[in-house]
Number of protein chains: 2
Amino acid sequence: MQKTGQPTINDVARIAGVSKKTVSRVINRSPLLNDDTRKRVEDVIGELGYIPNPQARALALRRNFLIGLVHDNPNAQTVLNVQQGMLEALQGTEFEMVVRPLDRGSATMLDDLRHFLERQRLFGVLLMPPVSENDSVAKLCDSIGCRYVRMGSAVIDDSEHMVASNDREAVRTATEYLIEQGHRRIGLVAGPHGFRSARERRLGFEDALAAAGIALPRSMIADGNYTFESGLVAAERLLDVMPRPTAIFSSNDEMAAGIIHAARQRGLDIPRDLSIIGFDDTPIAAHVWPPLTTVRWPIASMARSAALKLIAGADDGSDLVEEPSLFLSTLIRRASVSPPADADT
Amino acid sequence: MQKTGQPTINDVARIAGVSKKTVSRVINRSPLLNDDTRKRVEDVIGELGYIPNPQARALALRRNFLIGLVHDNPNAQTVLNVQQGMLEALQGTEFEMVVRPLDRGSATMLDDLRHFLERQRLFGVLLMPPVSENDSVAKLCDSIGCRYVRMGSAVIDDSEHMVASNDREAVRTATEYLIEQGHRRIGLVAGPHGFRSARERRLGFEDALAAAGIALPRSMIADGNYTFESGLVAAERLLDVMPRPTAIFSSNDEMAAGIIHAARQRGLDIPRDLSIIGFDDTPIAAHVWPPLTTVRWPIASMARSAALKLIAGADDGSDLVEEPSLFLSTLIRRASVSPPADADT
DNA sequence: CATAATCTTGACACCGGTTACCGATTAAGA
DNA sequence: TCTTAATCGGTAACCGGTGTCAAGATTATG
């Protein structure tokens with residue numbers, strides 16, 4: 001009788017002349033096992049092309065091998081970078097990634113997430129900003145008994161549950177660079193309220209100006225929501241102020257692209273009339289003209305690290321190389337910054 | 001003794017005073033079941049918050065509830081749109097999406113994919129372009145016994161395995177629009193070789209010109225690879241030709257954005273000096289200045305339909321509403337097209 | 001050489017659901 | 001009343017792996 005489908009552990013055991021338990025030992029690399037037996041079983045496995053059934057394994061081990069990526073981030077490139085970094089970490093393991101976009105602002109968001117976690121009984125979840133900044137989401141994971149790691153722009157949880165970048169410091173450095181170049185009238189296009197990243201970046205901006213003794217009038221701050229349009233609108237406002245700012249720090253690249261457009265529509269030359277620094281270093285930063293000086297946000301590395309943190313201890317703690325929890329962003333100097341044309345300090 | 005963990009089917013059966021078989025019947029919506037009993041069991045399920053263990057179900061039913069999204073598309077927005085559409089279709093079902101990016105051009109791509117499919121024993125996979133255009137990938141799925149649905153820009157498989165847009169016709173319509181506006185010297189920035197979409201779009205462009213009796217000199221065609229930079233480079237070439245084209249069709253939006261930049265660097269006004277049409281209608285199309293006239297590619301709807309096609313027949317064929325296989329793209333008229341300034345026909 | 005300690009290995013129950021088979025109970029129809 | 005059908009339970013086997021525990025083989029020790 002022709003066996004259909006994949007070979008099972010029983011087939012391997014029968015052909016190798018051992019018990020299924022022994023085959024199981026081979027699969028799980030049990031150390032208490034004769035080398036000859038192991039070799040023989042491995043040969044049969046290779047010959048048959050046997051692959052253990054993940055569902056059966058999951059059932060017997062009482063845990064599955066699914067890791068969730070929970071996100072409500074509007075930036076496609078960012079989400080994909082995170083997926084990329086996460087999958088890198090999962091590469092070679094038996095874990096798979098399942099993706100769960102959340103509808104930010106939806107009243108049922110928390111219930112949706114609970115339902116998702118309970119149904120699938122995930123091994124763990126990786127929380128992307130901005131949903132990762134929501135403490136009740138973390139509490140929910142805890143109460144369900146689902147491991148989680150949060151990604152964010154500031155440390156808001158212990159190192160076991162958090163992978164963060166240091167946006168405040170990075171923006172401070174970037175702003176200091178503008179000051180070093182001679183800028184004194186520097187505008188800020190801030191991110192949306194409720195985003196921790198927006199807050200941290202704004203704080204870093206204020207830090208730098210305060211340290212340099214530069215006043216920051218309210219008129220030099222415009223709100224945005226991380227979209228191209230909002231950057232454009234915010235720039236209209238800032239560029240209406242007289243005297244005009246000679247430089248603008250934008251809380252992300254997308255808005256910086258909007259600022260560039262607004263400036264160009266007014267006939268301003270970048271960087272001669274207006275210097276701009278963005279944040280993220282998404283592809284758009286290199287595409288705009290002139291190429292955007294920006295802060296590189298290592299989101300893919302963060303995701304990779306977060307995923308490793310999540311699955312650490314899943315195996316026998318063999319590779320318990322403590323994953324870093326804090327990532328430093330670096331300033332990428334391109335062509336959108338120069339000293340101000342009118343040195344009027 | 002305090003029971004830890006989730007309630008099992010046995011708990012439900014005991015409390016409801018029925019057998020686990022009956023509970024199973026309720027879960028699987030067996031028709032031969034008294035309404036009273038069903039109600040009682042459902043109440044207990046709700047009370048306990050019982051959720052069937054997906055792994056155990058998958059094991060017993062000999063199939064799992066994972067659907068793969070296989071992609072090697074470089075456009076983040078496109079990939080995310082597909083994920084969005086796919087998850088919409090999976091909403092409310094017991095299926096989950098696992099994502100598998102493939103390294104295009106990698107020699108081991110096919111082996112990677114095989115390994116993935118065999119390990120996870122997916123219920124099915126959704127193939128995104130351009131990998132979906134690879135027949136050996138489809139053959140691989142077949143040989144492994146994994147259902148698949150391909151997405152693409154032309155019908156290259158039977159309707160059971162294919163969801164396609166009609167790019168050729170859409171581009172023909174778009175090009176005809178340029179001709180109607182009075183353009184006669186129309187350039188094409190083509191997509192990369194090996195992309196079916198690139199070929200279809202080029203054919204549609206040629207169709208329109210041939211039908212209008214307009215010659216298409218080789219100098220009016222420039223190759224690109226769907227990136228911003230390649231669009232910029234291609235535009236440099238086309239705009240060097242004398243007499244200059246008065247309009248350019250770009251095979252995607254990203255390249256169209258590059259073309260806009262190139263034109264602006266030369267001091268050309270869009271659309272007065274140069275009309276441009278793109279393809280995809282990604283967010284970038286609305287962000288550039290002027291807003292880009294483009295062809296809307298309903299990729300999210302296609303993904304949704306593809307996913308539904310994939311899981312159709314998973315249930316008892318109850319909802320066998322034949323999913324559409326062909327999607328029509330529509331022309332979105334914005335501000336990047338006008339009649340040519342120099343009517344020299 | 002006897003005995004203990006160690007290494008290998010297999011029998012068996014179990015994870016949490018499923019189906020198959022058969023029997024029991026109840027209700028409806030003849 | 002008897003037949004028939006619908007509804008449900010009991011038991012058992014099964015999906016394809018895992019843990020426990022003890023037996024048999026091997027080696028070290030007295």
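Lettering follows sequence order; numbering is per chain, from 1.
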Take atom [atom1] of [X] and atom [atom2] of [N], then tell me their distance rounded to the nearest Å.
X       : N      : atom1 : atom2 : value
A/Leu33 : D/dA25 : CG    : P     : 18 Å
A/Asn64 : C/dG16 : CG    : P     : 14 Å
B/Glu94 : C/dG17 : CD    : C1'   : 13 Å
B/Arg62 : C/dG17 : CZ    : C1'   : 12 Å
A/Asp35 : C/dT8  : CG    : C1'   : 12 Å
A/Asn34 : C/dC7  : CG    : C1'   : 9 Å
A/Arg29 : D/dG17 : CZ    : P     : 15 Å
B/Asn10 : D/dA12 : CG    : P     : 15 Å

If you check every side-chain atom of [X], which of [options] has the closest atom?
X       : options                : value
A/Thr37 : C/dT8, C/dG10, D/dG10  : C/dT8
A/Arg25 : D/dC21, D/dG16, D/dG10 : D/dC21
B/Tyr50 : C/dT18, C/dG17, D/dG16 : C/dG17
B/Lys21 : C/dG10, C/dG17, C/dT19 : C/dT19

Taking atom types as modelled, find out whether [X] and [Y] have a side-chain donor-acceptor pair closer than 3.5 angstrom.
X        : Y        : value
B/Gln55  : A/Gln120 : no
B/Ser159 : B/Lys309 : no
B/Asn134 : B/Ser136 : yes

Ignoring backbone atoms, establish whether [X] has a side-chain N or O less than 4.0 Å from OP1 or OP2 of [N].
X       : N      : result
B/Ser24 : C/dT18 : yes
A/Thr22 : C/dG10 : yes
B/Asn28 : C/dT18 : yes
A/Arg57 : D/dT18 : yes

Practice task
Test for a donor-acceptor pair under 3.5 Å between the base of C/dG10 and the side chain of A/Lys20, counting only N and O atoms.
Solution key: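 No such pair is found, so the answer is no.
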
Any base atoms under 4.0 Å from [X], or only sugar-phosphate, or nothing? Heavy atoms, all strands.
X       : value
A/Ile27 : nothing
B/Leu59 : base
A/Val23 : nothing

Handout entry: First of B/Arg121 and B/Ser19 reached from the 5' end of DNA chain D, by closest nucleotide
Key =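 Between the two, 5'-proximity favours B/Ser19.
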
Practice task
Return yes when atom CZ of A/Arg304 has more than 12 non-hydrogen atoms of other residues, nucleotides or ligands closer than 6.0 Å, and no otherwise.
Solution key: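 Open: at most 12 neighbouring heavy atoms sit under 6.0 Å from CZ of A/Arg304.
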
Problem - Residues, nucleotides or ligands: over 12 heavy atoms within 6.0 Å of A/Arg121 CZ - result: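 Yes, CZ of A/Arg121 has more than 12 neighbouring heavy atoms, counting only those of other groups under 6.0 Å.
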
Hey, can you pull the donor-acceptor pairs under 3.5 Å for the side chains in residues 41-51 of chain B, sequence neighbours left out?
{"unit_1": "B/Asp43", "atom_1": "OD1", "unit_2": "B/Lys39", "atom_2": "NZ", "d": "3.1"}
{"unit_1": "B/Asp43", "atom_1": "OD2", "unit_2": "B/Lys39", "atom_2": "NZ", "d": "3.3"}

